[in-house]
Structure formats: structure tokens, C-alpha cells
A.B. asks: 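The structure under discussion is supplied below as C-alpha cells; questions concerning it will follow.
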Amino acid sequence: MPVRNMIDAIRDAIDVAMAADDRVLILGEDVGVRGGVFQATKGLIEKYGESRVIDSPLAESSIAGVAIGMALEGLRPIAEMQFADFILPAVNQIISEAAKMRYRSYNDYSVPMVIRAPFGGGVHGGLYHSQSNETIFMHCPGLKMVVPSTPYDAKGLLLSAIADPDPVVFYEHKRLYRLIKEEVPDGHYTVPIGQAKVARPGRDLTIISYGLMVHFALEAAAALAKDGVEAEVVDLRTLLPLDQDTVLTSVRKTKRAMVVYEANRTLGPGAEVSALIAEHALFDLDAPVLRVAGLDIPAMPYNQVQEEFFLPSPDKIAKAAEALMAS
Amino acid sequence: MPVRNMIDAIRDAIDVAMAADDRVLILGEDVGVRGGVFQATKGLIEKYGESRVIDSPLAESSIAGVAIGMALEGLRPIAEMQFADFILPAVNQIISEAAKMRYRSYNDYSVPMVIRAPFGGGVHGGLYHSQSNETIFMHCPGLKMVVPSTPYDAKGLLLSAIADPDPVVFYEHKRLYRLIKEEVPDGHYTVPIGQAKVARPGRDLTIISYGLMVHFALEAAAALAKDGVEAEVVDLRTLLPLDQDTVLTSVRKTKRAMVVYEANRTLGPGAEVSALIAEHALFDLDAPVLRVAGLDIPAMPYNQVQEEFFLPSPDKIAKAAEALMAS
Amino acid sequence: MAKTQPKAPQGLSQDGLVQIYKDMLVARLLDERMWTLNRIGKAPFVISCQGQEASQVGWAAALRPDDVVVPYYRDMGVAIQRGMTIRELMLAFFGKQGDPNSNGRQMPGHFGCRRLNMVSGSSVVIVQMLHAVGVAYAMKMRKQDRVAAVAFGEGATAEGDFHEALNWASIYRLPVLFVCENNGYAISVPQKKEMAVENVSERARAYDMPGVTVDGNDVLAVYEAAVEAVERGRRGDGPTLLELKTYRVVPHSSDDDDRVYRSREEVEAWKQRDPIKQYQLTLIEMGLWDAQRDQAVRAEIQAEIEAAVEEADRAPFPAAEDALRFVYADEEGR
Amino acid sequence: MAKTQPKAPQGLSQDGLVQIYKDMLVARLLDERMWTLNRIGKAPFVISCQGQEASQVGWAAALRPDDVVVPYYRDMGVAIQRGMTIRELMLAFFGKQGDPNSNGRQMPGHFGCRRLNMVSGSSVVIVQMLHAVGVAYAMKMRKQDRVAAVAFGEGATAEGDFHEALNWASIYRLPVLFVCENNGYAISVPQKKEMAVENVSERARAYDMPGVTVDGNDVLAVYEAAVEAVERGRRGDGPTLLELKTYRVVPHSSDDDDRVYRSREEVEAWKQRDPIKQYQLTLIEMGLWDAQRDQAVRAEIQAEIEAAVEEADRAPFPAAEDALRFVYADEEGR
Ligand SMILES: Cc1ncc(C[n+]2csc(CCOP(=O)(O)OP(=O)(O)O)c2C)c(N)n1
Ligand SMILES: Cc1ncc(C[n+]2csc(CCOP(=O)(O)OP(=O)(O)O)c2C)c(N)n1
Ligand SMILES: [Mg+2]
Ligand SMILES: [Mg+2]
């Protein structure tokens, strides 16, 4: 089976979808000749032509808004936001329009579209090329919000997202694009939206995470194992709808829980996970629910010292796990 | 002492600030001759003139962005968004720019501005005149986020916000504008940003809330008292920075906690409150942390049956409190 | 001075000419009735098309049923021209079960109905322009001769999406008819505080796009200009920005009091230019209408309205749990 | 054919003319050095001003120190003209303690410094236009004769904020100089996919605002056009949209590969029109410059750059905990 990194898996997913269904098209800044600034769409304009691979004007609200219109008329647009930091001008179109179209029209109209965006830090992107702003969309019923952490999942989830009849926000961690390779089948397969995965089984505590942080959690778990602590790592994969069962089942088993995320700590996605546990598994807990998260500062600084300081790391996660085991 | 409702208290705060400091000015849609669609700025254009009371073009991004520029140049703008639902086109200016200006310039530039917006439902506003989207800003370090629940607090907090050297998002619950009257002093006084208030003391459980929901919580508490259950009601007043001490002190005392908010349940502000409790007061708890919140649907419907169905009510809160006492 | 006989635009039959009048009349009478229902406490909200009926029915009449229409909240005339019935509009007005627009989820004035190829709108101004552009992109990609038509107020043109939509449509020469119903105010804010130019159509030049301004109270002028723009779109010659100068003769909505921001003289002057009265005269001059028919038709419409009021008033609200449906595509149908 | 002797614009002394050249040269040499530092792994990122030095120094030179400048990420020439030193720019490039722009928080190219009346910018395109409008509003309200000047690329003009900013500035006739540095591309996207018009300046008419296009590689032409616009602003006659046609002769940034989207011939042709070489010739023809001085000045600048590289390379990064400062106004100073 071919081995692919995440960016290749994503490009392959788009290619497979475009080959199978001529309603699928892509639009975004530099997605055409340039193949996207991360090369997620490389070669597609040559293959599918300018009318299905649109180098859009530099205007995110229009990228989302025009994609909504395309979807209303039966196309299956995949819109790319060049960086998740720059999705903000499109937030009105996404939240007011895409997320509410089916609901407000009582099922008469719908918006089957995907919005892809590279997010996350640790790539020397400074304040505006490192953000993790998924909270905005996770709080928004009518949307789905997906964040893969492996090449295999990225392809399978993206194919699910493209086929999904509702708008899906699809966040790809920039640092994962080329970090890991694994076997990724050719052709069509899907990973279902809304299902978390136990990335590593364990009995002593549960670390719940998504995106790059899953790998940091796994590293931490490996280190903890050396001291005889068996951490279970849950990869959420989808933030909305959240797979409560997988989370709660794990926590009920281990009796200790920690959420790791890179977004600002306050009201980041981990707040919801923690609240769910506090509501549904409180009597199972032997320890407080910890959060290891991005700092509560406006965004991740550029210089490497402060970038590291901002981000959760395997070491920080392991330390928190030790504290959790001690309480 | 004069008795005022919330809209009068807000207008009075703006008036007091504008009279005292000619750097203070207001801008927004219909804030001039019309005095704002809720009359929060009524009479001010006659008093302070067109250059300090600006009937802006219908464009929220520019309302925020121009206000940022004014603040950079030493003015103290108060920008009005006609409804919180329509703040979304301005989210990029608020989050990318206002919230990060001081940080990114290493204290060289700052944005002392206030963004006021009527939010919340129960006023037959339908999907787009009822939203409670405060999550977006509460998750954003660099901003402050204030939500008063009484006329007295509204005036005092607004005067604090106007004097604050950093950008403050100030949400006013539409249904509270004319619901309650109380004594509100003339002239200048402040209520500090960042301090919650115990709106009703109690020993059996803590209900944490803000905005209109505080009053519903108080009604529920009164009903519960008849059955001998003494609920403590905490009015957060400020969502960012959150007053953790007041929340945790109360929960440690009552050992039972419930958060009530009108925003969508998933990752609404109550998720953060619940996560804080799960992290810092877990061993004090005798029961799960409950959330009584807006439904996880795109927004509140127009027809009265479904509007009621969406919103937390005194009755729903009391029922949840009974469940909490029983667990 | 001998007045020249009014001439019917090409492509409009006598029935078509009369139908336009009837649609305008339905819009007016229904709108008036909604205000009285609001004033007696039967419904919390009205937003009104009064004064803009010629603009609305005029541009909508230039389209085919298979074209896509993206109206804004004031466009009850458009909804009626497309075929939404008095009964349906009254159910929507009361927020009742069976409202085809949103089943009572949205405030009145939020039109949308797949049967009529009329895309559902939100309360958020101008966003729909981009939807029309996307729809038109799909049409052009499929080499269809259909067009998308989208309407908005002149105040809303200050929003960034206005610019982004015109920019896209012009780059790709898409078949879009952009209709600005310029009634001179955005709630209380007069045009001179909304823009520095006198005509919204002047903005079209910034996109190398034709911009046309016509008298929005002259329904046949509106129709003709819209037809020309629609043909341009069908031919593959790209979008048009059409500005209709008109006036709303009532407050912005039932929550508004327009006396604080405009003089009664101004309102009266515009009432003198009432689009329905004007068009009635035209039809009479054309020999297609007379006072008797007018009375009969009005009575018919009124009767239909009263029946609709009664039915809508009695109709149930949607069930509470119905609010949980259609967040996602979990079920078919409605 | 006898060439006419170049004429210095009014209001520029001989020193001023030479200073413009030196600023352009500093920008170029510094920028070139940054690329080599990046290529040898000393710094993760460069974004470049190369090719646009005439545009940048030209418009900035038209302003007074008490005017407010709002540059964009490509405007190193502006920062230099305003007085940011080589040393400071090199500290910023390395993300080190002491960088006056952000103390190493932002990527290189994000200029801002209160001392120089240069507002801090983000990476988000075009948002700064509205900031300039707000600044200008404050100036006008206080009846000052200052102006605000803001720059941006032509690609970014597709964003809604472009429209909103021009609209505000024109309604209130604010003293703003809007400078579009049109280098023909937004990363890889050529102008014809960004807009349907040939000149960004054509968009000014939509706001009843003067729009001017000049050769952005001719520094004196840029200067003169900017001075005229600035005077207009000072006089109270409102904003101007100034378009400078230029070219970036290097990739968008160190992460870009421009070979996939533009031909080497096109790049070469523009290199032949190098703004620095052109202006050097002009100065020589004016008798203000010669090869010897040129060599000496280049050597001086290079030496200053090397000293700055050494210092910045050795300088410490900000302390980790320093990242927690200045989220809010909790302390004075820096
Ligand atoms: C984004 C947004 N901001 C504000 C509003 C509130 N609002 C509703 S209608 C209106 C005025 C619209 O004026 P115009 O575009 O001229 O249309 P008209 O109502 O005059 O037909 C405003 C400000 C809104 N609906 N959407
Ligand atoms: C809102 C936003 N979207 C996307 C980007 C990513 N981006 C950075 S520069 C750029 C191209 C800008 O082109 P132009 O405005 O012509 O300026 P130039 O770089 O050519 O000087 C893009 C797409 C961004 N910085 N901000
Ligand atoms: Mg209007
Ligand atoms: Mg460019």
C-alpha cells in the first residue's frame, strides 16, 4: 500500500473526489497554478481545468459566500482558506449563512460544502500563521468540525466531508503535513465523521486530544509507560459533533482525565470536553480534570523561545499526567 | 436617587462619559437622529453634535475598524453593533486587530474602545435577532467581555469599560432593557470589570449565570426556597477575565454547581465555568456540574412556542436544581 | 399637450401587463393588512414593501421560473410575483406551522422556497449577493442560459460583501442581475451618510460592469431595464448592476418610528408618486383596465386575505420539538 | 535625440533627493542580505521589498514625521524612510529582544513603531485601511493638518474592507492617502484573476474620489503624485487613491517559488526597469551623484548591515515569560 504524508493524503482525497464526481470543485487563494501554498491542490488545475480549480480573488468572505451559492445550485465546493487565521473575514458567511441554511429553510435548501484550513503552530508562523481558532465553529450547530491527526484519517475524513450533505469545517495541522507518513490506500474509502478513536489504550488515565497534540500525547504516554503509568490517548478526530461515548467510556475506565489542546486555554475545545466529563462522569473521577493548553495570550509569538513556551509539549503533558496521578 | 431601567442607565453612562471627556465619541448604525434602534443614544446627537455621534454606513467591519483607528489616534470610541447577531462581519477586526494591537506592538499601541451590542432572545427576534454569541470573544485574550444584568451594574460597568485602556466587548441583553428598574445614581461611578457578584446567598447549591439568566436563576431560587432549598446565585458580570475566586468560593461552600446560559450549550460560556470547577474544586463537589443552556440548534426560532422551548426558564432551572439536589 | 400613448414593453402580453398590476396590488393590500394585524397585537413584527412594489414586481417579472431569485427581506412583491400565495405569506407572518419559507422559524419577510426557485435569506444584509454569484457560477459552468437575480437595499451596499460579489461576478462575467432597491434610507440613515456618490449604479464602473439607474416607481421601466440585463446575462455577456430609485412610504418596520428622521412632506411627496396608482393609470390609458375591474379585483384580493388571516390565526404553531429538526440532513422531506 | 534634463520635484532639496536614493539602497541591500541569511538557515522567513523600493520610499517621503503611516508587510522601504535603523530591522528579522516593532513576537515584515508614527500591522491583509481612516477621522475632528497614509497590495483590494474604507473616507472627506502598490500578483494570482479592471485607480470613481496611477518604479513620479495627494488631504479636500505600478522581482516570500506562476522573461524584463538603477541615473544626470560616491555609500551600508547581523545573531531571544506581558495594560513602558 502506498505510504503518504498528510498533505499527499489530502491532495489524493481531493483528486479521488474530483475524478469521481464532476460537481466537486475547489476554490481559494493560490489553489490553481501554485497548487496551494502548502501544495494541497498541486497538479489539480492541470487535471481538472480552470473552471473546477479556481484561483479566487483574495477575499475570504467571497470564497465562503460564493461556495455557498455553488452548493445551493448543486455543486460540491471545497473552499480553501489559506490559513485558519484568515478565516475570520468569512465567519459571517460560515456562521450566519452556511450553518443556518438548512435549518432556516426547513430542509428546502442545504449547503454541502467543505472549508479546509491549515491551522496550528510550531512552524514559526508568528501571531497570524499559528492560530487554533476552532472554538468559533465547534460552538456552531449546523456545522461539522473535523480535525484529523494522521494521513489515513485525513484522507478518509476528507472524503466523508466532501460527501457530507452539510457544511464541514476541516482543519489541518500545518506541522502535521509532512511530519508523519503511513500507509494510505489509493482510491476511495471513508472514515466516518463524529467518531473518536482510542489512539493508545491504557488503564491509568485518559488523555483526550486532537490534531498535532495527539502525537505529543502519544509521546508523553510512551514516556509515562516507562514509569509504569499507562495512559489511554483518545483522538477526537471530530470536534462537532463530539463523540461523547468514546470520551466518557474511557474516563469511566481510567477515572482520571486530561484534555490537551493548542488553542487558548479559556473556552478552548477542551473546556467542552471537561464540562462533559464534569456533567456525566463526575462520580467516576478520582482526580480533577486537567487541561494542558495554549496560553491565554492573543496568539503564539514568532521567536522560537516563546513559541515553545506557548505550546503544550510531550514534556508538559507528561508532567501534568504525573500531577494527575498524584492527586 | 433616580430610578432607571437598563436602557436609560446605559444612555446615562454614555452621556456622563461624553460630557466629561471630549475624546469619547460614538459610532454605529442609526445611533444619531434615530438615537439607536433601542434608544441607547437618544438625544446625544443633539447634545454632542454630528462629529461625535456618527451615523455610520451600514458596515460592521468598518465600524470596528474605524473605531480602532480612532482609538489609535487617542480618541475613545464607543462602537455600537445594532444586534450582536450582526457583529460577525466585524469579528476579523475585533479579534485580529483590536485584541492583538497592544500585544503585537509590545505596548507601543493600544485600542481603548468599547463595542456595545444588544444580544439575547425572548423578544420574538427569530434566528437573527436573538443570538448569544459571546463565546467568540470570551475565547479571545486581549479583549475584555462584559455582560451586565442590572441597570446599576450596566452604568457602572459601561463607565469602567469606556475608561478601560483595552478593548471591551459589552453585551446588553435586549430583554433586560426595559424589564427591571432600580436606583441608579446620577453622575459618575464605576463597577469594576472582572468581579462577579453574589446576587443571592445560599448554602445548598450554586447557580452561576449572567445577563437575563441571572433573573431567571433568582426566580428559580425563590421557588426553590419555598421547598427549603437555598440556592446561591452568582452573577458573573464579566466573562473575560472571569472571576474564578467568586465562583470557586461559592462552589466550595455549597458543593453543588449549575451553570445557566442562553448561548448554544456546546462550548458556550458555561463550558469554561464548568471546566474551571472540574479542575479546581472537584474534590469539593457532591454532585455533577450541570448546565442549563440554549439548545444546540443553529439559533432561536421566531414562533413563540419554539422560542420558549429554546430558552432556559425559571422552571427549567428549578427542575435542574432539584435533580442536582437529588444526586 | 397631447400625452403620448404608453407603450407596452416587448415580450409582455396583455395578460402579463395585467398580472403585474395584480401582483403589485396583492403586495400592497397584504402589507397593509399586516400592519393592522400588528397594531392590534396579533403579530409582533412587520417589515414592509409599501412603495417599492413596482421595483419588486418589475424586476421579478423579467425572469423565468427556472432562473434563481435571491430576494431580501423587503421583497414581498418578488415572492408574490414568483407565486407565493397569500395564504402562505400569512402563515409566515403569524409564524405558523405550514409556512413554506421556514415553518415559522424566521421573522416575517424572510422569503425562501425551493418550489419557486427562491433562495432562503437571513436577516443579515448583503450576504445573499455572494450566494447569487455562486449560483450563477454553477449555471455558467454548466453552460445553461439561466440567470441569478439578487436584490438588496442601497444602505447595505456599504458592506464589504457588496464589493466582493461585484468583483467575482465581473471577473468571471457571470449571469447575475444585481438589483439595488434604493429607497434613500437605511432605517434612519439617509443616502448621503451611506455613500459619497449620487447613484449606486456609478459603482458598477469599478468592476467594468454596466450600471443602470431607473425610476423604481415606474414598473414598466423597471421591467424593461431588468429584461435587458437578464438578456445580457443569458447571452454570456456578464452581470449588470441595476439601481431602482424608489421609496418606502411606511416606517422601516413595526419597531421603527420614521417621524424622527424624515419629514412628513417628503413622505407625502413620494406618496403622490405611488407606483400602483401610476401603473393603474397606464393600464387604463392602454385600455386594459377600468375602475370597475379594479374594484372587483380589490374585493377578490381582500376576501382572499381575510380567509388567509382567519386560517393563519387558527393554525397551530409548530410543535416545540419540531425546533430540533433539520439542523443536519438527518431526515428527508419536511 | 537630446534627452531633457531631469527636474527635481518642488520641495525636495538636493540632500532630500540623495536621501531618497540612500533609503532605497538600504532597503535593497538589507533585503538581499536577509535572503542569504534565510538560505543558510539563520532565519526561518523573509518577505521582500525588492523591486518596490521606489514606490515605498517615494510615497513615504511625501509625508511629515507627525503624519501617521500605516504600512503593509512589504514596506521595508517605508520603515527605513521613516527612520527605522538597520540594526532595528535586523533584530526584528531574527525575532530578537530589542526589536522595536514587536520584540520578536511578529514575523519579519510586520512594521510598527510609535516613535516613527508608524502603526503596528498584522499579517491580515487590508484591515489596516480602516485603521488609517479612523486615524484620519481623529485628525480632521481636531482640525489638524496632518494626514494618514496607508499602503496595501493590489490583490488585497478584493477584500471587503477595501470598499468599506474608501466609502468612509469619501463620505467624511478624510485626509487619507491610500497607496496601492500594484505588483501584478497576489502571491501566484495574476491581476486579471483579481479584478476585471486594468487599474485599481479606476475604483476611486465609485467613491467620488480622485484615483491616480503612476509608474511605481519612478521614485520622483511617485513622490510628486503622493505630495499632491497629501496636500489635498491637508487642505481638507479629502482622500486620494494612488496606484503605483511596480513589480516584486523576487518570490512572494522565502516560502514561495515564483517559477511556477510567472516566466523568467517577465521577471527579467522588470529587472531591466530596476527602480534603483533608474534613479541612480537620474541623480547622476542631475549632477548629484557619481560612481565613486555610490561605491562608498554601498560599502558603508554593507558594513552597517554586517555589524547589525552580528549583533542580532548574538542578541538573546526574549525570555519565555516575556510572552505573558502586554496582553492588557497592566504595566507601563516596554
Ligand atoms: C449585517 C447587518 N447589519 C445590520 C442590520 C440591521 N438592519 C436591518 S435593515 C437595515 C437597514 C438596511 O437599509 P437598506 O440596505 O437601504 O435597505 P432598506 O431596508 O432601506 O430596504 C439595518 C441596518 C442587518 N440586518 N444586518
Ligand atoms: C486576510 C488574508 N488572507 C490571506 C492572506 C495570505 N496572503 C498573504 S500575502 C497574500 C497576497 C497579497 O497580494 P497583494 O495584496 O497583491 O500584495 P503583495 O504581496 O503582492 O505585495 C496572501 C494571499 C493574508 N495575509 N491575509
Ligand atoms: Mg434603503
Ligand atoms: Mg500584489
Side-chain angles (χ1 to χ4, degrees), chain A residues 22-23 25 27 49-52 54-77 79 89-90 92-93 95-113 140-144 164-168 193-194 240-241, chain C residues 68 70 99-106 110 112-115 118-124 126-142 144 146 148 150 159-161 163-169 171-172 174 176 318 322-323 325-334:
Chain A
D22 64 12
R23 296 173 309 166
L25 82 177
L27 66 163
E50 286 201 351
S51 74
R52 289 178 67 198
I54 305 170
D55 266 324
S56 75
L58 205 185
E60 291 75 14
S61 186
S62 68
I63 295 172
V66 170
I68 290 170
M70 291 168 164
L72 288 170
E73 191 56 24
L75 298 179
R76 293 282 185 157
N92 186 40
Q93 284 287 352
I95 295 183
S96 299
E97 304 302 310
K100 296 181 175 58
M101 183 65 77
R102 182 186 298 281
Y103 191 77
R104 78 182 184 219
S105 70
Y106 204 61
N107 219 24
D108 228 7
Y109 285 98
S110 59
V111 182
M113 71 189 272
C140 188
L143 297 180
K144 297 181 182 178
D164 199 279
D166 286 302
V168 179
I193 291 175
L240 181 68
Chain C
V68 169
V70 191
D99 152 30
N101 300 281
S102 73
N103 209 41
R105 289 175 176 185
Q106 292 222 71
H110 292 65
C113 185
R114 163 91 56 195
R115 181 188 97 226
M118 184 164 65
V119 174
S120 165
S122 72
S123 309
V124 187
I126 221 77
V127 288
Q128 72 275 15
M129 283 182 75
L130 285 165
H131 307 168
V133 171
V135 166
Y137 190 95
M139 291 168 169
K140 176 157 185 165
M141 187 175 163
R142 290 167 168 164
Q144 302 170 336
R146 298 160 64 212
V150 57
E159 297 271 8
D161 277 5
H163 168 64
E164 298 192 18
L166 295 183
N167 197 39
W168 259 85
I171 293 170
Y172 290 99
L174 300 177
V176 192
D322 185 73
R325 297 176 68 198
F326 307 130
V327 178
Y328 300 103
D330 303 324
E331 33 167 347
E332 300 281 315
R334 295 188 95 174

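To find a chain, count down the sequence lines: A is the first, B the second, and so on, and within it residues start at 1.
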A.B. asks: Answer with side chain, backbone, both or neither: which region of C/Val68 has an atom nearer than 4.5 Å to a non-hydrogen atom of chain A?
C.D. replies: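 When you check distances to chain A, only side chain atoms of C/Val68 fall under 4.5 Å.
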A.B. asks: Quick check: closest heavy atoms across A/Gly142 and C/Val327, and the distance to 0.1 Å?
C.D. replies: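 Minimum heavy-atom contact is N-CG1, 3.7 Å.
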A.B. asks: Would you compute the distance between atom OG of A/Ser56 and atom OH of C/Tyr172 and round it to the nearest 0.5 angstrom?
C.D. replies: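 A/Ser56 atom OG to C/Tyr172 atom OH measures 7.0 Å (nearest 0.5 Å).
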A.B. asks: If I measure from the heavy atoms of chain C, does A/Ile68 come under 4.5 Å with its side chain, its backbone, both, or neither?
C.D. replies: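 It is the side chain, since no backbone atom gets that close.
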A.B. asks: Taking the six-membered ring of A/Tyr106 as reference, does the NZ or CZ atom of C/Arg105 fall below 6.0 Å from its centre and within a 45° cone about the axis?
C.D. replies: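 Output no; distance or angle outside limits.
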A.B. asks: If I take atom OH from residue C/Tyr137 and atom CG from residue A/Leu25, how far apart are they, to the nearest 0.5 angstrom?
C.D. replies: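 So the gap between those two atoms works out to 6.0 Å.
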A.B. asks: Who among A/Pro141, A/Pro165, A/Ser105, A/Pro89 has the most heavy-atom pairs with chain C under 4.5 Å?
C.D. replies: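 Of the options given, most contacts go to A/Ser105.
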A.B. asks: Does a side-chain heavy-atom distance below 4.5 Å link C/Phe326 with A/Ser110?
C.D. replies: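 No, side chains not in contact.
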A.B. asks: Is it the backbone or the side chain of A/Leu143 that comes under 4.5 Å from a heavy atom of chain C, or both, or neither?
C.D. replies: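 When you check distances to chain C, only backbone atoms of A/Leu143 fall under 4.5 Å.
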A.B. asks: Considering only heavy atoms, which portion of C/Arg142 lies under 4.5 Å from any heavy atom of chain A: side chain, backbone, both, or neither?
C.D. replies: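 For C/Arg142, the side chain is the part near chain A, not the backbone.
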A.B. asks: Donor-acceptor check, side chain of A/Tyr103 to backbone of C/Ser102, threshold 3.5 angstrom: yes or no?
C.D. replies: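 No; judged by distance alone, with no hydrogens or angles, the pair does not exist.
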A.B. asks: Relative to chain A, which segment of C/Ala329 carries a heavy atom at a distance below 4.5 Å: side chain, backbone, both, or neither?
C.D. replies: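 Both parts, heavy atoms under 4.5 Å.
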A.B. asks: What verdict does the side chain to side chain contact (heavy atoms under 4.5 Å, CB included) test give for C/Met141 and A/Glu73, after you've listed the backbone C-alpha separation in whole Å, the side-chain angles of each residue and the deciding distance to 0.1 Å?
C.D. replies: CA-CA 11 Å; C/Met141 187 175 163; A/Glu73 191 56 24; over 6 Å; no
A.B. asks: Sort A/Asp108 into side chain, backbone, both or neither according to what part of it lies under 4.5 angstrom from a heavy atom of chain C.
C.D. replies: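 Both parts, backbone and side chain.
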A.B. asks: By ring-ring contact (aromatic ring centres under 6.0 Å, His included), which residues pair with A/Tyr109, not counting sequence neighbours?
C.D. replies: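 Result, ring-ring contact (aromatic ring centres under 6.0 Å, His included) vs A/Tyr109: none returned.
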A.B. asks: State the OG-CD1 distance between A/Ser62 and C/Ile171, to the nearest 0.5 angstrom.
C.D. replies: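 The CD1 atom of C/Ile171 is 8.5 Å from OG of A/Ser62, to the nearest 0.5 Å.
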A.B. asks: Backbone N or O of C/Val127 within a donor-acceptor pair of the A/Gln93 side chain at under 3.5 Å?
C.D. replies: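 Yes, because the side chain of A/Gln93 sits within donor-acceptor range (under 3.5 Å) of the backbone of C/Val127.
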A.B. asks: Specify which of A/Asp164, A/Ile54, A/Val111, A/Leu72 makes the most heavy-atom pairs with chain C at under 4.5 Å.
C.D. replies: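 Highest number of pairs under 4.5 Å: A/Ile54.
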A.B. asks: A/Ala67 versus chain C, heavy atoms under 4.5 Å apart: side chain, backbone, both or neither?
C.D. replies: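 No part of A/Ala67 comes within 4.5 Å of chain C.
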A.B. asks: Hey, which of A/Arg23, A/Lys144, A/Arg52, A/Lys100 has the most heavy atom pairs under 4.5 Å with chain C?
C.D. replies: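 Most heavy-atom pairs under 4.5 Å with chain C: A/Lys144.
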A.B. asks: Given a strict heavy-atom distance threshold of 4.5 Å, which part of C/Asn101 is in contact with chain A: side chain, backbone, both, or neither?
C.D. replies: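 Contact with chain A is through the backbone of C/Asn101 alone.
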A.B. asks: What's the separation between atom CG in A/Asn92 and atom CG in C/Leu130, rounded to the nearest 0.5 Å?
C.D. replies: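 Atom-to-atom, A/Asn92:CG and C/Leu130:CG are 10.0 Å apart.
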A.B. asks: What's the spacing between C/Ser120 OG and A/Arg102 CZ if we round to 0.5 Å?
C.D. replies: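 These two atoms lie 12.0 Å from each other.
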A.B. asks: Based on non-hydrogen pairs under 4.5 Å, which of C/Cys113, C/Ala148, C/Ala165 is most in contact with chain A?
C.D. replies: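 So the answer, after comparing C/Cys113, C/Ala148, C/Ala165, is C/Cys113.
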A.B. asks: When only pairs under 4.5 Å are counted, which of A/Ser51, A/Pro241, A/Ala99 shares the most heavy-atom pairs with chain C?
C.D. replies: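 Among the listed options, the one with the most contacts to chain C is A/Ser51.
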A.B. asks: With a 4.5 Å cut-off on side-chain heavy atoms, are C/Glu331 and A/Asn107 touching?
C.D. replies: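 They are not in contact (no side-chain heavy atoms under 4.5 Å apart), so the answer is no.
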A.B. asks: Examine whether an atom of C/Ala323 lies under 4.5 Å from a heavy atom of chain A, and if so say whether it belongs to the side chain, the backbone or both; otherwise answer neither.
C.D. replies: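 Both backbone and side chain.
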A.B. asks: Are C/Ser122 and A/Arg104 packed together at the side-chain level, in the sense that at least one heavy-atom pair is separated by less than 4.5 angstrom?
C.D. replies: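 In contact.
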A.B. asks: Let's test your reading of the structure: which of C/Val119, C/Val124, C/Asn167, C/Val133 forms the most heavy-atom pairs below 4.5 Å with chain A?
C.D. replies: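 Highest number of pairs under 4.5 Å: C/Val119.
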A.B. asks: Nearest 0.5 Å, please: how far is CD in A/Glu97 from NE2 in C/His131?
C.D. replies: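 Answer for the NE2-CD pair, C/His131 versus A/Glu97, is 4.5 Å.
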